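Note that this is a predicted model, so its numbers are computed, not measured. Just so you know, ligand 1 is whichever comes first in the structure, and atom 1 is the first atom listed for that ligand.
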Amino acid sequence: MPSRIERFDRVARLAPPAVVAGLFAGCAGEYPQTTFRPVTDFGALLNAIFADVFWWTMLVMVIVFGVLAYVVVRFRARPGAAPPRKVYGHTGLEMAWTLGPAFIVTFMLVPTIQGIFQTYQAPSEGTLVVEAVGHQWWWEFRYPQYEIVTANELHLPVGRPIEVRLSSADVLHNFWVPRLGGKRYNYPVPAGPAEGRPDWNRLVFTVSEAGVYSGQCAEYCGLSHALMRMRVVAQSTEDFEAWMQEMRTPPAPAAGSLAAQGQEIFLRSTCIACHAIEGTPAQGQIGPNLTNLGERWAVGAGVLDNTPANLARWIRNPQAVKPGALMPGTQEGAAGMPPTNLSQDEVEAVAAYLESL
Ligand code: CUA
């Protein structure tokens, strides 16, 4: 039987490869929410400030550990040697450790403050305005210049300045799409014109690269905070305009299809009390706008992949998927609203309709 020391020795021998493996694990994977590959001017600015601070701290680390190693070796206990002399009131040393950090802090402070002012600059002419409204627990995106409203999936054109106006319909949320930069708070102020309103937070940036960037709410906002995701689709101006066109003129389901049946059920159910779908009488404003829902990547703000089966599951019992969701299920109500009482067949028809959008 190995002694305690032998066992400790065995574990100690495994430690260095385990640490190295752990470090290298950081080099694997896609990391869709990295801040190190920014795709906006705003993100690049933050990343540059981060790099600046990082290298200053590395310099401090090298100096501190260098001096420490020197002291440990140079002044180690030797048999018969007298204890090292102690230093008191050394003006030169005291000047060095006061002025050194002051110098470093100045070098970090100046670009940081410059950066803060830069990111709060008023947006320029031709800016696309998006209102990002946080809700428990989903995102509403409004394009007031184009009268388009969508949810959870934000489409943005590449190369055009964008102003995201941040607000909330209930509690504090925080808009964070790491590759775009940020994050910044959504305060519970009503959406609307931003002119002359100091209570708005805004993000101003230009996206330089087409792609799909994921993000999430970054402030604890209740039970399903961790399930409040979003996705940004940055696309060319032509693709963005095509998307806007689709949002204005969504397709209607073919007559006699399951989707058409689903539309009829949707429009006569309580669904329309909360949801709007462009081109139909459904104009509810409380829940997410469902126009072209079939094109979105997910159901329930990133909780489930967007498939007919998942959508049906969501309609049947949203609370089972997202605890605390304000949408009533078929059997159970929510937030003071009664259950929808849709049958299994009706749920499947409604799911088929929404997927057809
Ligand atoms: Cu919204 Cu956390």
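With 2.8 Å as the limit, Asn186 does not count as an N, O or S neighbour of atom 1 (Cu) of ligand 1. Here His173 fails the criterion, with no N, O or S atom under 2.8 Å of atom 2 (Cu) of ligand 1.
We find that Arg231 and Glu153 are not joined by a salt bridge, their nearest charged nitrogen and carboxylate oxygen being 4.0 Å or further apart.
Rounding to 10 degrees, one finds that atom 2 (Cu) of ligand 1 sits at the corner of an angle of 120° between Cys217 SG and Cys221 SG. Draw a line from atom 2 (Cu) of ligand 1 to ND1 of His225 and another to O of Glu219, and the angle between them is 80° (to 10°).
Side chains of Gln344 and Glu348: a donor on one and an acceptor on the other come within 3.5 Å.
Aromatic ring centres of Phe36 and Phe50 lie closer together than 6.0 Å.
In this structure, the side chain of Asn152 engages the main chain of Trp139 through a donor-acceptor pair within 3.5 Å.
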